[in-house]
Peer 1: 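Sharing a structure with you now.
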Amino acid sequence: MKPTLIIGGGIVGLFTAYYLQKEGVEVTLIDRTDLKDNCSTGNAGMIVPSHIIPLAAPGMISKGISWMFSSKSPFYIHPRLDFKLAQWCLLFFKAATPSQVTKAIPYLKNISLLSKALYQEFRQEHPDSSMALVEKGLMMAYQTESMEKEEVEFAHLARKYGLEAEILGPEDLKKIEPNLQLKARGAVLFPGDAHLDPGALYGFLKSYLEKKGVTFLTETQVLGFEKSGNRVQAVLTEKGKIDCEKILLCGGSWSGELAKMLQFSLPMMGGKGYSFIQKNNPEIQQATILTEQKVAVSPYGETIRFGGTMEIAGTNQSINKNRVRGIFESINRYYPDFQASFPEDQQIWKGLRPCSPDGLPYIGFAPGYGNVLVGSGHSMMGISLAPATGKILAELHQQKDTSMEIKGFEVGRYN
Ligand SMILES: Cc1cc2nc3c(=O)[nH]c(=O)nc-3n(C[C@H](O)[C@H](O)[C@H](O)COP(=O)(O)OP(=O)(O)OC[C@H]3O[C@@H](n4cnc5c(N)ncnc54)[C@H](O)[C@@H]3O)c2cc1C
């Protein structure tokens, strides 16, 4: 019997392997790296059913244009002559309309809620996972009147879709952060959100899968495929050919390149972001987004992670310290008493979010193929949505009904 091959060992690949091995499928996971670091290990770890609006939303275009002139801004597209980038931007602009966003909301909401329920189930089944799932919600803190208006409007919209949202004033913030000042006019708290330690989750999942018999072929780059009719027969790697029953493309920001090898279009850009860990002193208690700067604050008791910026970067992985400085400067702008120190080079983590132009992931069968599945393009929600994506892909692999309607995630929507 030939194995099912998963290409890409980020969190989406790992959760896909997790649900496939539960079904008794023989799985081999291939990754070109040693799996010590990818986009799934150092991110902010927020589980966000509240994020029902995709990145491609109407306000983003005017904001994006104004942010493009600042090297420390939260969102940046480096203007350059690049056909792939131009094509991606055009599709992004096309998707950023009220009607497209309205269509996307139920899909994002349903997959987020499914995923959160799967995290709760996962924690119950694996109390030793050390992923530290904290279910205290996510707070969107704002300092300006314009951002307050935006966030409060969004809170009303979220309520309309059945999500809980509490609008908080400065007195509430003092109770939530008793150890230091959070300098904000107010905040919206989404009690249904959560956060976890992505590195701990990743490490646990990988060793659990190894124990369960999933084969890991690391430092093995996929270079091409051998096909017959509408099926892939084998994967060609730098270390040789591997025959397969079915394949799943979970290659993150590089999934577009894998799709190209199979002659279908999967528009994708890497959205580069950074994070760094600090000693949590004085202790910040609440997972928060500093909304004007789009900085994520993820407390883990004695330590805390600050992360942010979205630079549409293709697959360029260089570190731009100015953007890291933008995140760093936000800390004391919102928490004036926090003892922050600028991170050393080796303390700066970077990752490329796999961004589809419409902000919706690609989940399902690849167009024109009977044995190729895709799970990618989760942008800023890959941790949040990985369990549901893995479960849905395992269901499709096993020809079962899917746990939710997935038409909005159609892989071939740009073909
Ligand atoms: C600063 C920052 C903060 C974030 N915060 C959050 C958050 O709070 N909540 C959230 O839900 N998400 C967050 N994200 C997004 C999240 O990290 C990503 O969506 C997620 O990690 C993507 O996972 P993935 O498995 O799709 O891709 P990746 O983790 O990038 O994995 C893809 C893998 O595929 C491999 N690969 C690619 N091509 C090949 C090939 N040809 N051959 C072999 N291997 C290949 C790569 O080596 C890589 O290991 C954040 C991201 C950043 C940068």
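When a ligand or atom number is given, it counts from 1 through the structure's own listing order.
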Peer 1: Would you call E219 and K239 a salt bridge, using N to O less than 4.0 angstrom?
Peer 2: no
Peer 1: Could you tell me how the ring of F92 sits relative to the ring of W88: parallel (under 30°), tilted (30 to 60°) or perpendicular (over 60°)?
Peer 2: parallel
Peer 1: What atoms of ligand 1 come closer than 4.0 angstrom to any heavy atom of C250?
Peer 2: 32 (C), 34 (O)
Peer 1: Hey, does S379 come in under 3.5 Å of ligand 1, counting only N/O atoms on both sides?
Peer 2: yes
Peer 1: Counting from 1, what ligand 1 atoms have a heavy atom of G351 closer than 4.0 Å?
Peer 2: 53 (C)
Peer 1: Assess G307 for proximity to ligand 1: is some non-hydrogen atom of it under 4.0 Å away?
Peer 2: no
Peer 1: Considering S40, G382, S384, which one's heavy-atom position lies nearest to atom 23 (O) of ligand 1?
Peer 2: S40
Peer 1: Suppose I only count heavy atoms of I11 and a 4.0 Å limit; which atoms of ligand 1 are within that range?
Peer 2: 23 (O), 25 (O)
Peer 1: Going through the checks in order, is the side-chain contact (heavy atoms from CB on, under 4.5 Å) test met by F409 and M404?
Peer 2: CA-CA 11 Å; F409 308 135; M404 63 170 281; 3.8 Å; yes
Peer 1: Suppose I only count heavy atoms of Q221 and a 4.0 Å limit; which atoms of ligand 1 are within that range?
Peer 2: 42 (N)
Peer 1: What do you reckon, is NZ of K321 surrounded by more than 12 foreign heavy atoms closer than 6.0 Å?
Peer 2: no
Peer 1: To which protein heavy atom is atom 5 (N) of ligand 1 closest, and what is the distance rounded to 0.1 Å?
Peer 2: A44 N, 3.1 Å
Peer 1: Using a 3.5 Å cut-off on N or O atoms only, is N43 in polar contact with ligand 1?
Peer 2: yes
Peer 1: So is R325 actually on top of F342's ring, under 6.0 Å and inside 45° of the axis?
Peer 2: yes
Peer 1: Please determine whether any non-hydrogen atom of A296 lies less than 4.0 Å from an atom of ligand 1.
Peer 2: no
Peer 1: Return the closest protein heavy atom for atom 40 (C) of ligand 1 as residue, atom name and distance.
Peer 2: V222 N, 3.8 Å
Peer 1: I want to know if ligand 1 touches L385 in the polar sense, i.e. an N/O pair below 3.5 angstrom.
Peer 2: no
Peer 1: Quick test of your reading of the model: are K22 and E125 salt-bridged, counting only N-O distances below 4.0 Å?
Peer 2: yes
Peer 1: What do you reckon, does G308 have a nitrogen or oxygen under 3.5 Å from a nitrogen or oxygen of ligand 1?
Peer 2: no
Peer 1: Compare P354, S275, G224 and give the one whose heavy atom is closest to atom 22 (C) of ligand 1.
Peer 2: P354
Peer 1: Examine V12 against ligand 1 and note whether any of their N/O atoms are separated by less than 3.5 Å.
Peer 2: yes
Peer 1: Regarding T4 and H397, do their side chains bring together a donor and an acceptor under 3.5 Å, going by distance alone?
Peer 2: yes
Peer 1: Is it true that, when you exclude Q399 itself, more than 12 heavy atoms of the residues, nucleotides or ligands shown sit nearer than 6.0 Å to its CD?
Peer 2: no
Peer 1: Looking at Y119 versus F15, is the centre-to-centre ring distance below 6.0 Å?
Peer 2: yes
Peer 1: Give yes or no for whether the N/O distance cutoff of 3.5 Å, strictly under, is met between M46 and ligand 1.
Peer 2: yes
Peer 1: Do any N/O atoms on I7 end up under 3.5 angstrom from N/O atoms on ligand 1?
Peer 2: no
Peer 1: Out of Y274, Y334, F338, which one pairs with F306 under the ring pair (Phe, Tyr, Trp, His ring centres under 6.0 Å) rule?
Peer 2: F338
Peer 1: Among C39, S255, S112, whose heavy atom sits nearest atom 17 (O) of ligand 1?
Peer 2: C39
Peer 1: What do you reckon, does T220 put a non-hydrogen atom under 4.0 Å from ligand 1?
Peer 2: yes
Peer 1: Which of the numbered atoms in ligand 1 are under 4.0 angstrom from any heavy atom belonging to L258?
Peer 2: 41 (N)
Peer 1: Would one find an N or O of D31, backbone or side chain, under 3.5 Å from an N or O of ligand 1?
Peer 2: yes
Peer 1: Say whether G273, considering both its backbone and side-chain N or O atoms, lies within less than 3.5 Å of an N or O atom on ligand 1.
Peer 2: no
Peer 1: Which of the atoms of ligand 1 are close to T33, meaning less than 4.0 Å from one of its heavy atoms?
Peer 2: 47 (O)
Peer 1: Any idea which atoms of ligand 1 are less than 4.0 Å away from a heavy-atom of G8?
Peer 2: 33 (C), 34 (O), 35 (C)
Peer 1: Identify, for atom 10 (C) of ligand 1, the protein heavy atom at the shortest distance, and state residue, atom and that distance.
Peer 2: M380 O, 3.2 Å
Peer 1: Looking at ligand 1, does any of its N/O atoms fall within less than 3.5 Å of an N/O of R32?
Peer 2: yes
Peer 1: Within the 4.0 Å heavy-atom shell around M381, which atoms of ligand 1 are there?
Peer 2: 10 (C), 11 (O), 12 (N)
Peer 1: For atom 27 (O) of ligand 1, what's the nearest protein heavy-atom neighbour? Residue, atom name and distance, please.
Peer 2: G252 CA, 3.5 Å
